[in-house]
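Before any comments, here is the structure.
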Amino acid sequence: MKLKGVRGAPDLLPQESARWQSIEATTRSLLQRYGYAEIRTPVFERTELFVRGIGEGTDIVEKEMYTFTDRGDVSLTLRPEGTAPVARAYLEHQMAAQSPLVKVFYLGPMFRRERPQSGRYRQFHQIGVEAIGSDRPAVDAEVIDILWALMVEEFRIPDLQLRLNSIGDAVCRPTIRDRLSRYMANRSSTLCQDCQGRLTRNPLRIMDCKQPGCQQLVAEAPKPIDGLCDACAIHFAEVRDLLDLLKIPYTIDDRLVRGLEYYTKTAFEVINPRLGAQNALAGGGRYDGLIEMVGGSPTPAMGFAVGMERVMASLPLAPEESALHGIYVATIGQEAQRMGMGLLQDLRRRGVRGLMDLETRSLKGQMRQANKERVRYCLIVGEEELRRGQAMLRDMVKADQAPVELDQIVERLMGLEGM
Ligand code: HAM
């Protein structure tokens with residue numbers, strides 16, 4: 001019986017990897033310009049980190065974590081997201097001592113046991129950005145600017161919407177939550193099964209429930225944005241003012257609450273309306289309480305994560321064809337093949353992309369391969385020519401060819417454009 005991969009955990013095949021690498025390279029280059037450095041945390045952590053960080057009343061912690069007991073009795077979980085691990089690393093390595101504002105990014109796989117569907121996977125990849133140590137609205141604005149630059153300027157995804165909200169902090173959130181619970185409790189018969197449960201555990205989550213009955217109630221419900229304390233309201237106004245200054249278009253979405261409990265104040269998502277049900281390309285916000293929740297002293301922070309599979313689904317299908325480059329050495333006979341292997345070893349060590357046939361394909365087959373590999377040059381080495389110390393060099397762009405002497409072939413080839 002042929003074994004299959006796990007549903008919701010797709011393979012990334014060689015023909016797709018160039019696009020991923022290009023997205024990754026663009027991301028690294030942009031983040032370096034903003035002064036962010038890469039952090040790589042393990043793919044698993046102690047379960048408690050996520051329970052405390054993401055929150056017990058969330059879908060992720062309640063039903064989506066891949067949790068297992070390590071030999072002995074330590075409960076470990078494959079990371080469903082990257083913010084709590086970064087917060088843990090920040091504390092563990094006393095990163096606060098290095099800088100008052102620690103700016104890091106990460107790229108890598110995350111794991112959630114969700115029901116797989118188009119755009120929703122059980123293993124997916126995120127680009128994450130975290131700025132830890134400042135409560136200034138300028139940090140919110142710069143972080144959102146990074147996200148917008150990445151999606152719009154760098155990836156060039158059209159028609160995106162940035163949705164923005166403020167969901168209050170430790171001062172005003174309890175009142176916001178109470179008002180909402182009281183409102184909903186009086187009308188709970190129209191709430192869906194899930195939201196009945198959320199009523200006590202996580203009433204804010206009712207705000208973004210898609211069920212028609214719940215949506216109807218939410219339309220009239222008290223909004224977090226109307227219950228902000230003065231500090232949160234001022235912070236939000238300053239963030240909006242800076243986004244205007246940076247010419248980043250946004251809409252206020254007063255129902256946006258996010259699925260993780262660590263958020264405070266600013267919350268946002270980037271939506272691609274062309275993507276269907278799973279249309280959130282990125283999400284993030286401020287999380288001024290998280291560092292404390294995982295054992296540190298109160299430390300404000302802000303960040304976002306982008307879903308890379310959803311970015312891929314938003315890009316135009318035909319990738320840009322790269323320019324022809326490198327060389328294919330086509331050989332006839334064993335002697336020529338031996339000579340070709342030696343030559344390519346030399347060229348590759350000098351940084352050239354060089355390919356050849358290691359089977360015994362016909363010359364026609366080798367030329368077909370050379371075309372497929374999009375090389376700039378083809379060096380054809382036949383038995384006769386080899387004896388005369390020559391080979392034929394074909395320029396695949398100009399479509400012309402000329403004999404070349406083999407005694408100084410490396411120097412000659414290294415001087416060519418497109419090698
Ligand atoms: P999140 O909204 O849970 O936030 O995830 C961020 C993005 O990851 C989503 O907008 C989506 O594009 C992608 N994503 C999430 N789940 C899946 C899935 N099952 N399949 C495919 N893509 C998915 C966070 O994870 C926060 N840690 C973001 C953050 C960083 N907040 C502050 N800093």
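All ligand and atom numbering here is 1-based and tracks the order in the structure. Basis for what follows: all heavy atoms, side chains included, without hydrogens, waters or symmetry-related copies.
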Run through all N or O atoms in ligand 1 and write down each protein N or O closer than 3.5 Å, as a pair with its distance.
residue	atom	partner	partner atom	Å
ligand 1	2 (O)	Arg258	NH1	3.0
ligand 1	2 (O)	Arg258	NH2	2.9
ligand 1	3 (O)	Arg112	NH1	3.0
ligand 1	3 (O)	Arg112	NH2	2.9
ligand 1	4 (O)	Arg258	NH2	2.9
ligand 1	5 (O)	Gln126	NE2	3.2
ligand 1	8 (O)	Gln126	NE2	3.2
ligand 1	10 (O)	Ala280	O	3.3
ligand 1	10 (O)	Ala282	N	3.4
ligand 1	12 (O)	Ala280	O	2.8
ligand 1	12 (O)	Leu281	O	3.1
ligand 1	12 (O)	Gly307	N	3.3
ligand 1	16 (N)	Arg112	NH1	3.4
ligand 1	19 (N)	Glu114	OE2	2.7
ligand 1	19 (N)	Tyr121	O	2.8
ligand 1	20 (N)	Tyr121	N	2.9
ligand 1	25 (O)	Arg112	NH2	3.1
ligand 1	25 (O)	Gln126	NE2	3.0
ligand 1	27 (N)	Glu81	OE1	2.6
ligand 1	27 (N)	Thr83	OG1	2.8
ligand 1	27 (N)	Tyr262	OH	2.9
ligand 1	31 (N)	Tyr263	OH	2.6
ligand 1	33 (N)	Thr83	OG1	3.2
ligand 1	33 (N)	Glu130	OE1	2.8
ligand 1	33 (N)	Glu130	OE2	3.1
ligand 1	33 (N)	Phe304	N	3.3

Evaluate the criterion side chain to side chain donor-acceptor pair (under 3.5 Å) for residue pair Thr83 and Glu130; output intermediate values, then yes/no. CA-CA 7 Å; Thr83 311; Glu130 316 288 356; 2.9 Å; yes

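For Gln215, there are no side chain to side chain donor-acceptor pair (under 3.5 Å) partners at least two apart in sequence or on another chain. In this view, His125 and Trp20 satisfy the ring pair (Phe, Tyr, Trp, His ring centres under 6.0 Å) rule, not counting sequence neighbours. Applying the ring pair (Phe, Tyr, Trp, His ring centres under 6.0 Å) test to Tyr287 and every residue at least two apart in sequence or in another chain returns Tyr262.
In this structure, Gln15 places its CD atom where more than 12 heavy-atom neighbours from other residues, nucleotides or ligands lie under 6.0 Å away.
No side-chain heavy atom of Asp140 sits under 4.5 Å from any side-chain heavy atom of Leu243.
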